[in-house]
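Below, read A as the first sequence line, B as the second, and so on, with proteins coming before strands; counting in each chain starts at 1.
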Amino acid sequence: MKHLSHQELEAIVMGHVADAHARRHLALCADCARRLEREARLEDALHEAHAAPWSRGDVHRPVRATWPTLAAAAATLLIVAAGVVWLATVKPMSREAPAPAEFAGDPPCLRDPLTLAPGASTEAPTDYGMWSVAPTESLLF
Amino acid sequence: MEPPRNSTSDLAALALEGQSTAWDELVRRHTHRVVVALLARGVGLDQAEDLVQETWLRLIQQQRAGRLTRLELPGLAIAQARWLACEAARTGARRTALAGLPLALDAVAGDRQPADVLMDPEHLAIQRERLERVRREVERCGARARGVFAAVYERSLSHTEAAQEYCLSVQRVRQILCEIRARVRAALREIEGDPEP
């Protein structure tokens, strides 16, 4: 018995109508039926591969740059170049510190203590408790 | 001038409204894909073609009965055809058992496959690896070959339509597809260890 050729099996799975001889043979020959199944699995994988989400974005239709695209790109480039030139030529802005804000009320701890009242001092108070023992005469006189 | 070719989703929307010409075009466009899906599951050629006819009839009946709200093709047709193939395998197995004959393993394979094998994580991982390998091989082809491949396998164009779109002869389109198939076959043979050329 003459088996079906590889080309015949491939043609069947690629969409060619199988003739009566091929059909009869496939019904009788388990070997050729198995080979047809294998070819069909390959064809199935090719279809599935293209249906998968990661197969999108193929490059079979190259996108040609049209004049509106080129004009938009040129305009963008021009604007960027003008911005660079302007930044290079204009004087830098004044860096003076802003005037201190006036407080409407009298928030604590924000004013110089010297201005609080006559005689007010920022010096630490004398520690009167430092003498735990009676001072000697040498210290007193 | 040739009218523009409707996309499958446009045709599906028209088919859901009951337009018979849309159904005709969908059947013409996807029948071979569904037959291949059955052949890949080990169903014989004649039986696969019969099951696909039955599949379309059932889908049209469902639409006419108002029970079809979505029509995603070819996926729905493939699922329906596989289910019919399983039913046919179960019926065959029952008949064999009733006749007192020993049950052929092939007969019960169709009964077992959908639930047990197809959802098996190992099977799914192998399938994913296969598809990834196929995709890589196709990406290594030239731009025109990839274009022809996408026209036929993604947009379901016939070889003649693809030839017109790319200004090639039908023979050249088939040659390109055969070259891609040979490349993918060799790559899959590497990972599956299939000795037969």
Do B/Arg174 and A/His16 make a side-chain contact, defined as non-hydrogen atoms from C-beta onward lying under 4.5 Å apart?
yes
Largest heavy-atom contact set with chain A, pairs under 4.5 Å, which of B/Ala145, B/Cys178, B/Pro74
B/Cys178
Shortest non-hydrogen pair, B/Leu39 vs A/Ala40, comes out as CB-CB, 3.5 Å
Residue A/Ala33 versus chain B: region with a heavy atom under 4.5 Å:
neither
hydrophobic_cluster_shared for B/Leu188 and B/Ile126, side chain cutoff 4.5 Å:
no
Is A/Gln7 in contact with chain B via its backbone, its side chain, both, or neither, using a 4.5 Å heavy-atom distance?
neither
Starting from B/Val36, can I reach B/Leu177 by hopping between I/L/V/M/F/W/Y residues whose side chains sit under 4.5 Å apart?
no
First locate atom CG of B/Leu45, then atom NE2 of A/His25, and finally report the distance between them rounded to the nearest 0.5 Å.
12.5 Å
Please say yes or no: joined through hydrophobic side-chain contacts below 4.5 Å, possibly via intermediate residues, are B/Leu26 and B/Leu51 part of one cluster?
yes
Does atom CZ of B/Arg95 have more than 12 heavy-atom neighbours, drawn from other residues, nucleotides or ligands, at distances under 6.0 Å?
no
Against chain B, label A/Ala11 side chain, backbone, both or neither, depending on which of its atoms sit under 4.5 Å from a heavy atom there.
neither
Under a 4.5 Å heavy-atom cutoff, which of B/Arg130, B/Arg181, B/His159 has the most pairs with chain A?
B/Arg181
Side chain B/His32, main chain A/Val13, donor-acceptor under 3.5 Å:
yes
Between A/Glu43 and B/Arg185, does any side-chain N to carboxylate O distance fall below 4.0 Å?
no
Heavy-atom nearest pair, A/Ala45 first then B/Leu131, reads O-CD2, 3.6 Å
Does A/Glu37 pair with B/Arg41 as a salt bridge, N-O distance under 4.0 Å?
no
ILVMFWY cluster, B/Leu14 and B/Ile60 together (side-chain gap under 4.5 Å):
no
Step by step, would you call A/Arg23 with B/Glu49 a salt bridge (charged side-chain N to carboxylate O under 4.0 Å, His left out)?
CA-CA 12 Å; A/Arg23 285 176 186 277; B/Glu49 288 174 347; 2.8 Å; yes
Should B/Leu73 and B/Trp83 be regarded as members of a common hydrophobic cluster, given that ILVMFWY residues are connected when their side-chain heavy atoms come within less than 4.5 Å of each other, either directly or indirectly?
yes
Hey, are A/Glu48 and B/Arg135 close enough for a salt bridge, meaning a charged N less than 4.0 Å from a carboxylate O?
no
Electrostatic pair B/Arg33-A/Asp44, nearest N-O below 4.0 angstrom
yes
Tightest non-hydrogen contact, residues B/Ala40 and A/Arg41, listed as O-CG, 3.5 Å
